[in-house]
Student: 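Please see the structure below; I have some questions.
Just so it is clear, the values below take in all heavy atoms, side chains as well, and ignore hydrogens, waters and symmetry mates. In what follows, chains carry the letters A, B, and so on, assigned in the order in which the sequence lines appear, proteins first and then strands, with residues in each chain numbered from 1. Predicted model, so just to flag it, every value in this text is computed and none were measured.
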There are 2 protein chains.
Amino acid sequence: MALASDNPRDEQRDVKERLLARPAPPAPKIACFHCPARTSDLCRGVADKDLEELFASSSRIRLKAEETLILDGDEASTVYNVISGAMRLTRLSGDGRRQILGFLFTGNYIGLTPDTLYHFNAEAVSDVELCAFDRRRLETLFKLHPAMEATFRAMAAKVIDQTYDLLFTLGQRTAVERVASFLLYLREAEQCPGKPGAPLHLPMTRTDIADFLGLTIETVSRSFTKLRTDKIIHLVDAHRVEVLRPDLLLAAAGEEAP
Amino acid sequence: MALASDNPRDEQRDVKERLLARPAPPAPKIACFHCPARTSDLCRGVADKDLEELFASSSRIRLKAEETLILDGDEASTVYNVISGAMRLTRLSGDGRRQILGFLFTGNYIGLTPDTLYHFNAEAVSDVELCAFDRRRLETLFKLHPAMEATFRAMAAKVIDQTYDLLFTLGQRTAVERVASFLLYLREAEQCPGKPGAPLHLPMTRTDIADFLGLTIETVSRSFTKLRTDKIIHLVDAHRVEVLRPDLLLAAAGEEAP
DNA sequence: CGTAACCTTGAACGACTTCAACTCACGTGG
DNA sequence: CCACGTGAGTTGAAGTCGTTCAAGGTTACG
């Protein structure tokens, strides 16, 4: 990886500036109509007739895998909606430890915090396409569209609920339970729950999963193996998991009696 | 403890109904003026002249230690502000495991969730005095008082920040680090940071601390002992801790190099 | 004064980590 | 085209930290 600057913060900011400066790519008049995130989260509450307004206040940006979008302490002036790919929210300590606070997929949003600053980093797990909104304009939009406001509340509630779930997982569950919980979390968080038989896609590395669950990569790997030898999942490869027995997975997560 | 019903949920709800039904105790015309929570969190944004309005929409309630205020799944129709005492927010699993999501002290609020339901339990750690607001009325008040809205945002941001801190603690820190972090958390969360030399009051039991930090009570106790033998704290008794060396406590929490 | 609840301490155990070796997929360049 | 190097993932063996089990101590209250 070529380093243009010896200050990682500056370097990352350069990436961000460059991406934000780039005008929206040549897109259909109103891209929102065909946006994969049209029916989810941020935009769901907007009526078709208001899409133009929403589109006008947005701009598309792209990130390559591992690029940084937000640094802890940045001013929270922009709200992002994930159109495709996966992002991660992280918090770091001085001595290099990292906790992943959550993953974000198509339709999830980043940055609608009540604070004026972000208190986490946001990085791309895979190549990512985002829709960026000016926060003030978006909040004005909320006031104009009660349905959007309601949708936002539901989204925020879901985020809080997921965060509490993760707290419970980190505080109370064993390694295998954590990994099982993680797979259930992914099943819910990843967009298409349409295909029940389709294997689950894990865009993140074992290191990401470990830093999310408060484990080491070795323990994560061993837990996957345990679930595999128990015939609860099938590991197509390291990034594709087929859930063979959802009921047993639930039990393995400590959610129910087997 | 006398059981009026064999269903704990009903029993607890009875407590709640009774307390909510009780009219505000004989108080000065506008109790808010002398409320210990006047200058913190929910009410800080209200100008003196608007206090009457705020007071009119509120009612005082009291809880004894260990009484339940909110059950997971209850309708989120009321917002509470802690006037005195300590509360805890918890999440339970079917098999009896418990994670404490946070503690609440004077000036902290409970229940301003974006959802229509609560997704946690709220219980009194000590005897507690609360101020109850109808949520809809409070939200209307927010719209009328921009300063209140701003204050609410700051409060919500603090809660999220603390929750992320706890996530990091549970995922990344060792036992002693967790307990040290807990003491730092208490120092910040408990109202009066005015007296730097005064011992910290821990109203909760070791079991509460353990369920907050994802440890057992034995490990919590051993960690306190470790901090004591290292001359970082002085254990006046089980519920009073004097921080002798704030710098070393910070280092013990893994926040900085010693 | 006795009981019970809470806290502390000790010893043995077990779960997860650490350290290390090995496999596999992929990409690069000889 | 294959050798080589690299990075990610898996697996094994040893070690460590926190848990479990057990006992003793302290405090509060009837």
Student: Are the charged groups of B/Asp165 and B/Lys158 less than 4.0 angstrom apart, N to O?
Tutor: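 So B/Asp165 does not pair with B/Lys158 through a salt bridge.
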
Student: Tell me which residues in residues 169-184 of chain B lie within less than 4.0 Å of DNA chain D, going by non-hydrogen atoms.
Tutor: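 Those residues whose heavy atoms fall under 4.0 Å from DNA chain D, taken from residues 169-184 of chain B in numerical order, are B/Thr174, B/Ala175.
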
Student: Would you kindly say whether A/Arg173 and A/Ser181 are connected by a side-chain donor-acceptor distance under 3.5 Å?
Tutor: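 There is such a pair between these side chains.
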
Student: Could you report the tightest heavy-atom contact between B/Arg98 and A/Gln172, atom names first, then the distance?
Tutor: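 What the structure gives for the nearest pair is O-NE2, 2.8 Å.
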
Student: In plain terms, say whether B/Arg228 and B/Glu242 are close enough for a salt bridge, that is, a side-chain N and a carboxylate O under 4.0 Å apart.
Tutor: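 Salt bridge between B/Arg228 and B/Glu242, a charged N being under 4.0 Å from a carboxylate O: no.
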
Student: Kindly indicate, with the supporting measurements, whether the criterion side chain to side chain contact (heavy atoms under 4.5 Å, CB included) is fulfilled by B/Leu167 and A/Arg91.
Tutor: CA-CA 9 Å; B/Leu167 270 183; A/Arg91 184 168 276 207; over 6 Å; no

Student: Are any non-hydrogen side-chain atoms of B/Asp72 and B/Leu92 less than 4.5 angstrom apart?
Tutor: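 A side-chain contact under 4.5 Å is absent here.
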
Student: In terms of ring plane angle, is the pair B/Phe120 and A/Tyr164 parallel, tilted or perpendicular, where the classes change at 30° and 60°?
Tutor: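 Ring orientation of B/Phe120 relative to A/Tyr164: perpendicular.
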
Student: In whole Å, I'd like the distance from the NZ atom of B/Lys226 to the P atom of D/dG18.
Tutor: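 Nearest whole value for this atom pair: 11 Å.
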
Student: Can you measure A/Asp211 atom CG to C/dC16 atom P for me and round it to whole angstrom units?
Tutor: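 Checked: the CG to P distance equals 17 Å.
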
Student: From CZ of A/Arg97 over to P of C/dT17, roughly how many Å is that when rounded to an integer?
Tutor: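 Distance check: A/Arg97 CZ to C/dT17 P gives 13 Å.
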
Student: Which letter, B, S or -, goes with each nucleotide of nucleotides 5-16 of chain D from 5' to 3', with contact meaning a protein heavy atom under 4.0 Å?
Tutor: ----SBBBB---

Student: Is there a side-chain contact between B/Thr163 and B/Leu101, using heavy atoms and a 4.5 Å cut-off?
Tutor: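 Of all side-chain heavy-atom pairs linking B/Leu101 with B/Thr163, none is under 4.5 Å.
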
